[in-house]
Amino acid sequence: MSDWTLFEVFVRSKHGLNHKHVGSVHAADAAMALENARELYTRRSEGVSIWVVPSAAITASSPDEKEPLFDPSDDKVYRHATFYDLPKEVGHM
Amino acid sequence: MYAQLVDTGAKRLKTLEEMSPEERAFQEKIDAEIKIEPKNWMPEGYRRTLIRQISQHAHSEIVGMLPEKNWLTRAPNFKRKLQLLAKIQDEGGHGLYLYSAMETLGADRDEEVAKLHSGEVKYSSIFNYPALSWADMGTIGWLVDGAAIVNQVVLQRTSYGPYSRAMIRICKEESFHQRQGYQILLHMMQNGTDEQKAMVQDSINRFWWPAMMMFGPHDSDSPNSAQSMAWKIKRMSNDDLRQRFIDQTVPQLEFLGCTAPDPELKWNETRGHYDFGEIDWTEFYDVVKGNGPCNRDRLRTRRKAIEEGTWVREAASAYAAKQKQKNAAA
């Protein structure tokens, strides 16, 4: 079975929410991956929609790049609404 | 537990000073409770130990379906049959979550399954005992899944991300197993004939000690625990887990109106825990070595399942190849 394609499984739990990664399945093709994912990840009404994506099709950032990629946003507090103090009289904004 | 006697390959713990810079950074991350993810650097021993433990855990889930399948066609009514089917399907699912977690470490699923079938790697000793009566379906759910839950709840905090996430998922599903098992026994004890009540007691007598053995040898006889604990693959010692299980199980046993086959089992006021008798370790090691009542039968069944399913897998591959060709031509 190891020669079958590995698919990553994403499940949308409710209408209006994003698909979320839940795990992976092996399958001979995409249709079978979808069936396997349904049996494995939605036995208790966990989802209303499933995506399966061949694992090989995913490009991931490397853990070594964590700092150069994500640290620059740590010191940009002015990107958050809470950074801006406004007088009470202005009310809710 | 579902993984017993997992070898770490380490004779003693290294101090931080003895470690390479990479190794030290890794250990400091573990000490700070930061999860290790598949692409992170990890010592070879950590990777190998995890593959051993997770594969053993996965094999246990899969082999664990066998004692129960025997009772699917013999369930007392349709409701119980549906519940048992659902539980067995969950066990298969749990095996698959765990094989996926194992694969993130670079292990090959077919190779690991082949090692199980050749007897090179183990599954939990508990599944080498036969399920002889319907009451055993209750006892297995209550005691065996109960013991598994005690272990798995702690493993949700294990240091390897994919293993920890598989445990969280499994724990969510597992408590249904234990409750359905206990309810089977309770129903027999409260509504059953004398014969049916005796069946429950007989089942508990047979499974009590094997369930205690699931937690593995005493801490003093567990040479791999120190390294596994330092790596936080393991989060609580065998003896502590066993004590926790006994403490929570005895009141449930009493509520059933049954007894344990252990004359030394009694509440110890000063310790605040139950005292209990010594496990027959000769039996434990015998079963682990392959000489339990069902070891050969379980492996034969597994091998047969793989062999007889070959044509299905081949047909699926052939169909997929044909569809691909068709789509390419269109």
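Throughout, a chain's letter reflects where its sequence line sits, starting with A, and its residues are numbered from 1.
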Crowding at [atom1], [X] (>12 non-hydrogen neighbours, <6.0 Å):
| X | atom1 | answer |
| --- | --- | --- |
| A:His19 | NE2 | yes |
| B:Arg179 | CZ | no |
| B:Gln325 | CD | no |
| A:Arg38 | CZ | no |
| A:Tyr84 | OH | yes |
| A:Lys14 | NZ | no |

Note to self: If I measure from the heavy atoms of chain B, does A:Ala30 come under 4.5 Å with its side chain, its backbone, both, or neither?
What the structure shows: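 The answer is neither part of A:Ala30.
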Next item on the list: Can you tell which part of A:Glu8 gets under 4.5 Å to a heavy atom of chain B, answering side chain, backbone, both or neither?
Entry: neither
Notebook entry, point to check: Which region of B:Glu37, side chain (C-beta onward) or backbone (N, CA, C, O), has a non-hydrogen atom less than 4.5 Å from a non-hydrogen atom of chain A, or is it both or neither?
Noted result: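 It is neither, since no heavy atom gets under 4.5 Å.
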Next item on the list: Could you look at B:Arg169 and say if it's the side chain, the backbone, both or neither that has a heavy atom under 4.5 Å from chain A?
Entry: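 Side chain of B:Arg169 only, per the 4.5 Å heavy-atom cut-off to chain A.
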Notebook entry, point to check: Between B:Asp90, B:Thr104, B:Val113, which has the largest tally of heavy atom pairs under 4.5 Å with chain A?
Noted result: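 Top count of heavy-atom pairs under 4.5 Å with chain A: B:Asp90.
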Check: How far does OH of A:Tyr41 sit from CG of B:Leu96, to the nearest 0.5 angstrom?
Finding: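 Output value for this atom pair is 7.5 Å.
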Next item on the list: Starting at CZ of B:Arg313, measure out to NE2 of A:His26 and round the result to the nearest 0.5 Å.
Entry: 12.5 Å
Check: Do you know the tightest heavy-atom contact between A:Ala60 and B:Lys39?
Finding: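 Closest approach of A:Ala60 to B:Lys39: CB-NZ, 3.6 Å.
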Notebook entry, point to check: With a 4.5 Å heavy-atom cut-off, do B:Lys172 and A:Arg44 have their side chains touching?
Noted result: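 Heavy-atom side-chain distance check fails, nothing below 4.5 Å.
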Note to self: Sort by residue number and list every residue of residues 314-324 of chain B having at least one heavy atom under 4.5 Å from chain A.
What the structure shows: B:Ala316, B:Ser317, B:Tyr319, B:Ala320
